[in-house]
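Data first, discussion second: the structure below is written as structure tokens.
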Number of protein chains: 2
Amino acid sequence: MPHPTEPDGDAPTRLAVSTVIFALRPDRSGHPVLWTPLVRRTREPQLGLWALPGGWLPPAEELEAAAARTLRLTTGLAPTYLEQLYTFGEVDRSPGVRVVSVVYWALVQSDEAARATAGPNVRWVPADTLPGLAFDHNRIIEYALWRLRTKVEYSQIAHAFLGETFTLAELREVVEAVLQRPLDPANFRRTMLASGRLRETGERLAGARNRPPKLYRYDSTALAGANPDPTVRTESLRERPAS
Amino acid sequence: MPHPTEPDGDAPTRLAVSTVIFALRPDRSGHPVLWTPLVRRTREPQLGLWALPGGWLPPAEELEAAAARTLRLTTGLAPTYLEQLYTFGEVDRSPGVRVVSVVYWALVQSDEAARATAGPNVRWVPADTLPGLAFDHNRIIEYALWRLRTKVEYSQIAHAFLGETFTLAELREVVEAVLQRPLDPANFRRTMLASGRLRETGERLAGARNRPPKLYRYDSTALAGANPDPTVRTESLRERPAS
DNA sequence: CCAAAAGTGTTCTCGGTACACCCATGG
DNA sequence: CCATGGGTGTACCGAGAACACTTTTGG
């Protein structure tokens, strides 16, 4: 490229991809709360500390594919939403080596997350009360949380925590959990329906001892309106196989 | 590649930093239009094609510093606004080698841009009618343009095209040029003043044959309101020396 | 005095919020 | 028939759009 600085002397800059993963898990009173999986570092530096799932970028793998792969390796799940967050490259963020990390953030379905893989080197923690993590990973997760909360207010990502069909009450519970604030059910309903991105399935959810609510499905094709962020894929990631 | 891949075999992935630079230049009728500087490639691949200013990331240089440096090298200017845009890393975006580019976007003052460096290998073009560029750089500039237009509607970046002080009419001209749409002067004035981020200088701009308008100054400290994107630096970059 | 842009006032619409109220179901 | 959430109606409020109108300057 035009103004040649020779790349990488004897201590080359290394390129990593990490992923901040969010899922909702019910707390003791049954209300959903944001959780995120961490992995224990099994190498120096920062051996033993908890860190974001990730790894070096294989030369032949797409950035997004690398993010989805580490997501699957640590949780056994496929993301329902996946978006690039930011690239962190401060010279001193990793002791000794220069590491530039392209960080993605992802949402996974909450009920699937319940059966997610765990083990001695994988641990789920509440996203709002993180322990001290390796490198600058606390700051990264806080930024991802900020993005999630900002985006849930103006977009329709909340459905990515839920299954294929859901009731408006379930969707509202998700948004309330993310924003940590109760919402008016009547107004929430109207706002969501006005977005034009929900389709009735024609079915209702029976079984509770109240009026059975309608089930809806998210429709990504409907009512694009103003052109969206071109780097964010609007198609669903659901169908992507977990293999 | 399901399992940990050692970084960088014999064809290592290379890390570049590029910058999309925007400035306003008056067209023949005096109305400002968005322009962007390009550099001619002096090496293979894509030798001779026009491309974004950029280069390999030196191991000891911060990402943002690298972006500011290439900006200065190609234009002789310092940015008044500089923000990370996105990281592009498709496997096939550069023939032969894997290149991951961390792209920044920047605004420079319009009157300074008029005296900007140019030469046989640097050329300014209108941002809306780009020629065919090297690699995926057309797509990158289009994305940067989208971000600029989106952001100018809900934030206060427009002032970054102007000098230290400016009139509301000048600021409105800038926004109109970016959005390519006329705005109501009366409403624009109120919206801007209501943002709480403009301070009167006490001076007026005399000389025209109409009522002399007040001069304002942008105040980044005032009225933070909702907490902003933490990766975007709110302090002014103006004082940063061009050396 | 007139042209031209600065600057103010007023009305309207629309999206979001608060909250009263009716509807359908299981027990 | 009653408790519980589903679902509807409606009034209010504040931000932005449209546009009429007054103010201040140079010529």
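The structure presented is a predicted model; accordingly, all values stated were derived computationally and were not measured. Order of the sequence lines sets the chain letters (A, B, ...), proteins ahead of strands, with each chain counted from 1.
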Can you measure [X] atom [atom1] to [N] atom [atom2] for me and round it to whole angstrom units?
{"X": "A/Glu170", "N": "D/dG6", "atom1": "CD", "atom2": "P", "value": "9 Å"}
{"X": "B/Phe188", "N": "D/dA15", "atom1": "CZ", "atom2": "P", "value": "18 Å"}
{"X": "A/Arg211", "N": "D/dC1", "atom1": "CZ", "atom2": "C1'", "value": "18 Å"}
{"X": "A/Leu171", "N": "D/dG6", "atom1": "CG", "atom2": "P", "value": "12 Å"}
{"X": "A/Asp184", "N": "D/dG6", "atom1": "CG", "atom2": "P", "value": "13 Å"}
{"X": "A/Lys214", "N": "D/dG6", "atom1": "NZ", "atom2": "P", "value": "13 Å"}
{"X": "B/Leu183", "N": "D/dA18", "atom1": "CG", "atom2": "P", "value": "10 Å"}
{"X": "B/Leu193", "N": "D/dA15", "atom1": "CG", "atom2": "C1'", "value": "15 Å"}

5' precedence on DNA chain C between A/Asn187 and A/Asn210 (nearest-nucleotide basis) |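 The 5'-side residue here is A/Asn187.
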Nearest-nucleotide comparison on DNA chain C, the residue closer to the 5′ end among B/Pro212 and A/Thr191 =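 It is B/Pro212, whose closest nucleotide lies nearer the 5' terminus.
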Do B/Arg149 and B/Leu34 come close enough that some side-chain heavy atom pair is under 4.5 Å?
->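 SC-SC contact between B/Arg149 and B/Leu34 confirmed.
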Close side-chain approach of A/Leu63 and A/Tyr104, heavy atoms under 4.5 Å = yes
Can you check side-chain hydrogen bond (donor to acceptor under 3.5 Å, both in side chains) on B/Glu203 and B/Thr165, steps first, answer last?
-> CA-CA 10 Å; B/Glu203 318 233 313; B/Thr165 66; over 6 Å; no
Strand-adjacent residues in residues 200-209 of chain A, judged by heavy atoms under 4.0 Å from DNA chain C = A/Ala208, A/Arg209
Among D/dG7, D/dT8, D/dA18, find the nucleotide with the atom closest to the side chain of B/Arg190.
-> D/dA18
Contiguous Watson-Crick or G-U pair runs (3 or more, under 3.5 Å) in DNA chain D =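 Consecutive-pair runs (3 or more) involving DNA chain D: C:1-27 with D:1-27.
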Provide the start and end nucleotides, 5' to 3', of the part of DNA chain C that has atoms under 4.0 Å from heavy atoms of chain A.
->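 The footprint of chain A covers C/dT17 to C/dG26.
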